[in-house]
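To start, the structure itself, in C-alpha cells.
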Amino acid sequence: MSGNSTQKFFVTTPIYYVNDQPHIGHAYTTLAADVTARFHRLAGRDVFFLTGTDEHGQKVAQSAAAAGITPQQFTDNVSQNFRDLTKLLNFSNDDFIRTTEPRNIAAAQALWQAMAKAVSPDGQPAIYLGSYSGWYAVRDEAFYDEAELNDGPDGGKLAPSGAPVAWVEEPSYFFRLSAYGDALLALYEAEPDLVAPSSRRNEIKSFVKGGLRDLSISRTSFSWGVPVPGDEKHVMYVWLDALVNYIAALGFPEKGEGSPYDRFWPADLHLVGKDIVRFHTVYWPAFLMAANLPLPQRVFAHGWWTIEGQKMSKSLGNVIAPSQLVETYGLDQTRHLLMAEVPFGNDGDFSHKSAIRRINADLANGIGNLAQRTLTLIQKNCEAAVPEPGQFADQDKILLDAAYSLYRNVEADLRLQSFHEVLRAIWSVIAGADSYIDRNAPWALKKTDIARMGTVLYVLAETLRALGIVLQPFMPETMARLLDQLAVPADKRDFAALGEAGSLVPGTALPPPQGLFPRIVEAE
RNA sequence: GGCAGCGUAGCUCAGUGGUAGAGCAGGGGAAUCAUAAUCCCUUGGUCGGGUGUUCAAAUCACCCCGCUGCUACCA
C-alpha cells in the first residue's frame with residue numbers, strides 16, 4: 001500500500017506514570033504530538049502517533065496495596081484516566097500502549113535478550129550480574145548519594161525531596177553504560193538535531209563527558225515488573241520496560257518487511273518533558289546501540305508550566321486538570337492557548353488573565369471575527385453563495401499567495417517544534433486579511449462596483465479556506481466548522497488542496513454563518 | 001563548587017558587528033461589514049552595570065551584579 005513515495009512520520013509522547021493524575025503538563029506534551037501528527041497527515045504522510053501509560057514499579061505496587069486492590073486493578077483505573085484525556089482533548093493517537101500489556105512485556109524481554117547477547121564497545125558483555133547497594137527512597141523511586149542526604153527527625157535519613165531513605169543491597173543486573181560514552185558523544189556530534197532544544201544538548205553532552213557509570217537494570221526487591229528472561233527472581237528496572245514501549249507498539253520483535261516496525265522505526269520524534277531527557281538521549285540510544293537497532297531521529301524536551309507565577313504542586317493545590325481548562329475556555333481555545341502562549345521548549349506561565357486576553361485577541365477578535373464579517377457579507381450580498389471573482393488585482397494576488405503558501409512557509413518551524421512560530425505566521429495572514437478587508441471596504445463596493453465586491457469577497461473566502469485548512473492541526477473541531485461554512489468538501493481539506501487545486505467554486509451555496517469563538521466576557 | 005545559559009519597550013519575547021524590532025497593553029484618529037470586533041497613526045528602551053577590541057557593539061573579549069538549568073537513575 002504505502003509505496004516508497006509516501007514519507008512516514010512516527011511521533012511519540014512519554015508513557016505517563018500512572019501514579020499521577022493527568023494534569024496540564026501531560027496534556028501539553030500529548031497536544032504537541034497531536035498537532036505534529038495531524039500536520040503530517042494533512043501533508044499526506046503515513047503517520048503513527050503513540051501515547052500510553054507506564055505501569056510497573058515499586059511505587060505503583062505500594063499505591064495499589066494502600067488502596068487495597070491489586071496492581072492490575074490499580075493501573076487499569078489510572079490508565080483509563082489518561083485514555084480519557086485523549087478523548088477530552090481530541091487527540092488523534094493511533095495507539096495507546098500500556099507497559100503491562102503482553103506485547104510490551106514480550107518486547108522488553110526480546111530487547112533484554114538482544115542486549116544480553118551483545119558485546120559492549122570495550123569488548124565485554126553488555127549486561128552482567130552484580131550487586132546494587134545504596135540509599136533508596138521508595139517514594140521517589142530513586143537512589144541517592146550519601147552526600148545528598150539530610151538527617152531526619154527520628155535518626156533516619158531523608159532524601160533532598162524529604163522522602164525517607166533506606167540502605168538496600170540486592171543482586172542486580174547491570175548494563176555496561178560506562179562503555180558507551182564515546183559512542184554517544186560521537187552520536188551527538190554526528191546528529192546535532194537528535195537532542196533539542198540545544199540547551200538540552202549541551203547539558204547532555206556535559207553529562208556524558210563527565211563519565212558514565214554502569215546502570216542497574218533489574219531489581220529483586222519487588223515483583224511488579226517484567227521478569228528477566230532466564231532469571232525470574234529479577235524484574236526489569238522500570239525505565240527499560242518503559243522505553244521499550246516505543247518499539248513494542250510497532251510489534252517488535254516482529255520486524256520483517258511490511259511490519260509496522262519496518263515501516264515506522266526509527267521514531268522521527270520523541271516528545272518528552274525536560275525531566276526525562278537523559279533517559280531518552282543517553283540510556284535509550286545506548287540500549288538500542290547494544291541491541292543493534294536504529295536510533296531515534298530526534299528527542300525534543302519541552303518546558304514546564306507555572307500557574308499564576310507559582311510552581312505547580314499538589315501541596316500548593318494549584319494543579320490544573322485539563323478538564324478544568326476545557327470547561328473554562330473551550331476545547332480548541334485551550335489547544336490554541338497552550339500552543340501559542342509559550343515558545344515550546346521554554347518554561348511558561350499560565351494565568352487566567354492572559355488566557356482570556358489571548359483567546360479574545362487571537363480567536364474571537366482574530367480568526368473568528370474575520371470569518372464572521374466575511375461570511376456575513378457574502379450571505380447578505382451574494383445570495384448566500386460563493387461569489388464570482390473577476391480579474392485579480394495585485395493586492396488580491398498578494399493576499400492569496402500568502403495564504404496558499406502558509407503550509408510551505410511553516411513546515412520548517414513545525415519540524416523544529418516551534419509551534420508558536422507556526423501560529424505567528426498564520427496570524428500574520430489573518431492580520432493581512434483584516435487590513436485587506438478594510439482597505440477594500442466591500443460594504444461600500446456593493447453600491448459602487450458590485451463586480452469588484454464579488455472579487456474581494458471571493459479572495460477573502462479563499463483566504464479563510466486556506467486558514468481553515470492550515471489551522472486544522474491546532475483546532476480540528478472548530479476549523480471543521482469553518483470549512484463547513486465555506487462548503488469545502490471533505491476530500492479537499494488537506495494541504496494538497498491549498499491553492500487553486502481546491503479553489504472554492506463560484507455559485508456554491510453557503511450555509512448561514514455561525515460564530516466560531518465566542519468572546520469571553522468576565523463577570524465583574 | 002564545576003559546566004552551560006539568560007538579563008532588550010509596562011508584559012512576553014525576536015534580533016549575534018553597520019542608523020533599536022514584534023505581539024499584547026497604553027494614546028490619537030478612521031470606519032461601521034462583523035462577536036464594540038476591525039483598520040490607520042502613535043507614546044515608550046542610555047539593549048543589567050563597567051572596561052576594552054573596532055571606523056562601527058544589543059551583537060566580540062574581560063570583570064561585576066542578578067537570575068535559571070544540569071551536575072545519575074522523579075511528569
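In the text below, chain A, chain B and the rest are named by the order of the sequence lines, each starting its count at 1. Only heavy atoms go into these numbers, but all of them, side chains included; no hydrogens, no water, no symmetry mates.
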What is the pairing partner of [N], taking Watson-Crick or G-U wobble pairs with both distances under 3.5 Å in any strand?
N	value
rA4(B)	rU68(B)
rG18(B)	rC55(B)
rC62(B)	rG50(B)
rG45(B)	none
rA9(B)	none
rA75(B)	none
rU32(B)	none

Hey, do the aromatic rings of [X] and [Y] have their centres closer than 6.0 Å?
X	Y	answer
Phe279(A)	Trp284(A)	no
Phe175(A)	Tyr128(A)	no
His270(A)	Phe300(A)	no

Closest listed nucleotide, where the reference is the side chain of [X] and the choices are [options]:
X	options	result
Glu203(A)	rA72(B), rC70(B), rU38(B)	rC70(B)
Arg357(A)	rC24(B), rU35(B), rC74(B)	rC24(B)
Arg373(A)	rU38(B), rC74(B), rA72(B)	rU38(B)
Leu177(A)	rA75(B), rC33(B), rA72(B)	rA72(B)
Asp438(A)	rC39(B), rC73(B), rA25(B)	rC39(B)
Ser435(A)	rC73(B), rC40(B), rC33(B)	rC40(B)

Scan [X] against the nucleic acid and name what it touches under 4.0 Å (heavy atoms): base, sugar-phosphate only, or nothing.
X	answer
Ala364(A)	base
Ile204(A)	nothing
Leu212(A)	base
Asp434(A)	sugar-phosphate
Phe279(A)	sugar-phosphate
Lys274(A)	nothing
Arg200(A)	sugar-phosphate
Gly432(A)	nothing
Arg519(A)	base
Gly210(A)	nothing
Ser199(A)	nothing
Trp304(A)	base

Quiz item: What about Tyr436(A): does its side chain form a donor-acceptor pair under 3.5 Å with the base of rC39(B)?
Solution: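 No, the side chain and the base share no sub-3.5 Å donor-acceptor pair.
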Quiz item: Is any side-chain N or O of Tyr17(A) under 3.5 Å from a base N or O of rC74(B), one able to act as donor and the other as acceptor?
Solution: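 Donor-acceptor pair under 3.5 Å: no.
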Using atom [atom1] in both nucleotides, what's the gap between [N] and [M] to the nearest angstrom?
N	M	atom1	answer
rC47(B)	rA22(B)	C1'	15 Å
rU54(B)	rA14(B)	P	31 Å
rA61(B)	rA4(B)	P	12 Å
rG45(B)	rG21(B)	P	13 Å

Practice problem: Between Trp443(A) and His23(A), just flag the one whose closest nucleotide in RNA chain B comes earlier from the 5' side. | Solution: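 This one resolves to Trp443(A).
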Self-check item: Residue whose closest nucleotide on RNA chain B lies nearer the 5' end, Phe517(A) versus Asp214(A)
Solution: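 By nearest-heavy-atom nucleotide position, the 5'-most residue is Phe517(A).
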From [atom1] of [X] over to [atom2] of [N], roughly how many Å is that when rounded to an integer?
X	N	atom1	atom2	value
Asn365(A)	rU35(B)	CG	P	12 Å
Gln372(A)	rU35(B)	CD	P	5 Å
Leu457(A)	rA34(B)	CG	C1'	12 Å
Ile356(A)	rA25(B)	CD1	P	14 Å
Leu338(A)	rU12(B)	CG	P	19 Å
Asp362(A)	rU38(B)	CG	P	11 Å

Self-check item: Distance-only polar pair, side chains of Thr99(A) and Asn104(A), donor-acceptor under 3.5 Å
Solution: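 Thr99(A) vs Asn104(A): no donor-acceptor pair found between side chains.
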Quiz prompt | Full working for salt bridge (charged side-chain N to carboxylate O under 4.0 Å, His left out) between Lys209(A) and Asp182(A) | solution = CA-CA 8 Å; Lys209(A) 273 182 192 157; Asp182(A) 289 344; over 6 Å; no
Exercise. Evaluate side-chain hydrogen bond (donor to acceptor under 3.5 Å, both in side chains) for Gln417(A) paired with Arg298(A), printing each intermediate quantity in order.
Key: CA-CA 11 Å; Gln417(A) 291 74 51; Arg298(A) 184 170 171 86; 2.7 Å; yes
Practice problem: Describe, in one word, how the ring planes of His26(A) and Phe82(A) are oriented to each other, choosing from parallel (under 30°), tilted (30 to 60°) and perpendicular (over 60°). | Solution: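 Aromatic pair His26(A)/Phe82(A) classed perpendicular.
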Self-check item: Residue-phosphate contact under 4.0 Å: Thr29(A) side-chain N/O, rA75(B) OP1/OP2
Solution: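 No, no such contact exists.
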Quiz prompt | Residues that Phe419(A) engages under ring pair (Phe, Tyr, Trp, His ring centres under 6.0 Å), provided they are two or more places apart | solution =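 For Phe419(A), the residues satisfying ring pair (Phe, Tyr, Trp, His ring centres under 6.0 Å) (neighbours in sequence not counted) are Phe344(A).
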